[in-house]
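Take a look at the structure set out below.
Lettering follows sequence order; numbering is per chain, from 1.
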2 protein chains.
Amino acid sequence: MTYCVGLRLDRGIIFASDTRTNAGFDNIASFRKMHVWEEKGDRVLVLLGAGNLSVSQSVVSLLTEDIADPGHDEDGRNLLNAGTMFQAARIVGEALREVHMTNGETLGPNAAAFQASFVLGGQIKGEAPRLFQIYNEGNFIEATTDTPFFQIGEHKYGKPILDRVAVPEMRMGDAAKLLLISFDSTLRSNLSVGMPIDMLIYRTDTFFVGEQSRIEADDPYFRSLSMGWSEALRDAFANIESYTNGD
Amino acid sequence: MTYCVGLRLDRGIIFASDTRTNAGFDNIASFRKMHVWEEKGDRVLVLLGAGNLSVSQSVVSLLTEDIADPGHDEDGRNLLNAGTMFQAARIVGEALREVHMTNGETLGPNAAAFQASFVLGGQIKGEAPRLFQIYNEGNFIEATTDTPFFQIGEHKYGKPILDRVAVPEMRMGDAAKLLLISFDSTLRSNLSVGMPIDMLIYRTDTFFVGEQSRIEADDPYFRSLSMGWSEALRDAFANIESYTNGD
């Protein structure tokens, strides 16, 4: 499995993804699940993929080939010439449908195992930053102020802290801390999500990738965050009054 | 959906279950998911059920009928005459298989929607308290000191806090607080789990149900716990150093 999050804030969008891929527990590998397209001064697009690796990788390859050779597609549209993020999300959805169509008939009853979903975020000149979640069927939804984040993959463990803390006014350093805590909860409870974590911070109206980092298991900040959060949770737990009916 | 937890401690076993059942979002109802069999001085058995309500209710009805009329089954075994908790878990597993067999042929391709799983815990005179998780296929596993709790239903949201805090030495009042925090996280993040919460505390070697309560949404303790926990989480979050690369 996988865990990926995109969080849209007033100051920009922050993305994080794990790197573990497994086909059964004895076949575990690391793959990059964060893909970036950048034209400095014009656009930044970030795509996070979850689900079947053959599907998500094929989608990324199609998107990349469409850019390298715009003529090979009848409409010539690609992520670098899309006029809006909405158009970009449609292009990703169409690429996903194309992969499903290509594989479709041969999968038969195993089709359910060949699912993928994506988080797409970024900014194209002329628009504010936008964030989308693209489903396996190629349809998609956009993040709003009410729900500023999207998660794909093993999203449940890390959702309670996002539900409680994520607000559009957050500073980027706090948002990065929040995503890493959400990852820490997921990593502790689910073996199929693994370090390192890829993180990317995009700041509104900069139109280039400012900060991108790969956080390894022995990263001093992540280790101190992980231990500090455990301690803080245990302290918080100890400070809440016990249930009165038991001792 | 459903959320149920059983936690086995040195001092006894604590159980909690929600009460929401839904068949689509416009058909929501409350059903008891906690079932108790007690013979004072000899045994207490508690069964929590998740999954398809028609299946889990049928299992409980079969178990109850086997007790009322021990002769109707060829072996005459039931939850009140089982010699060990292991035998009791087998009886539940067999009842579940019988329900699947009865429904089986008519379900056809919808069979996947007719799944159920159970947590069974309690104590029978002559043994220590034991806790089991029974799968849809009727097989089961037993809780150990390493993993003292079982969850069924929507278990992921509430797992991180259990993973961090649950230890066999806990006092029962703290264990009750822990389960309610785990429920609070689940309730906030998933609409299909709903109040009220049924809770039961069984204390080792008492052989009767000491404390059983239904916690409603307006319960003063639960409300203060829910607010206190949110505040404590936000404080804990604020007290962790921000990620250095962003502001």
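Residue B:L233 touches chain A through both its backbone and its side chain, counting heavy-atom pairs closer than 4.5 Å. Interface residue A:F237: backbone and side-chain heavy atoms are both found under 4.5 Å from chain B. Contacts between A:I181 and chain B at a heavy-atom distance below 4.5 Å involve the side chain alone, from C-beta outward. At a 4.5 Å heavy-atom cutoff, the contact between B:L180 and chain A is made by side-chain atoms alone. Contact of B:I215 with chain A is made through the side chain alone, with heavy-atom distances under 4.5 Å. Neither the backbone nor the side chain of B:E231 has a heavy atom closer than 4.5 Å to any heavy atom of chain A. Residue contact with chain A, scored on non-hydrogen atoms closer than 4.5 Å, is absent for B:A175.
Salt bridge B:R164/A:D184: present, at least one basic N to carboxylate O contact under 4.0 Å. Between A:K177 and B:E241 no salt bridge is recorded (no basic side-chain N to carboxylate O distance below 4.0 Å). A salt bridge between A:K33 and A:D18 is present, with a side-chain N of the basic residue lying under 4.0 Å from a carboxylate O of the acidic one.
No side-chain donor-acceptor contact under 3.5 Å links B:R214 and B:T19.
The ring-ring contact (aromatic ring centres under 6.0 Å, His included) pairs that include a residue from residues 161-212 of chain A are A:Y3-A:F183, where partners are two or more places apart or lie in different chains.
For A:D219, the side-chain hydrogen bond (donor to acceptor under 3.5 Å, both in side chains) criterion is met by no residue, not counting sequence neighbours.
No other option in B:G210, B:S189, B:S224, B:A238 has as many heavy-atom pairs under 4.5 Å with chain A as B:S189.
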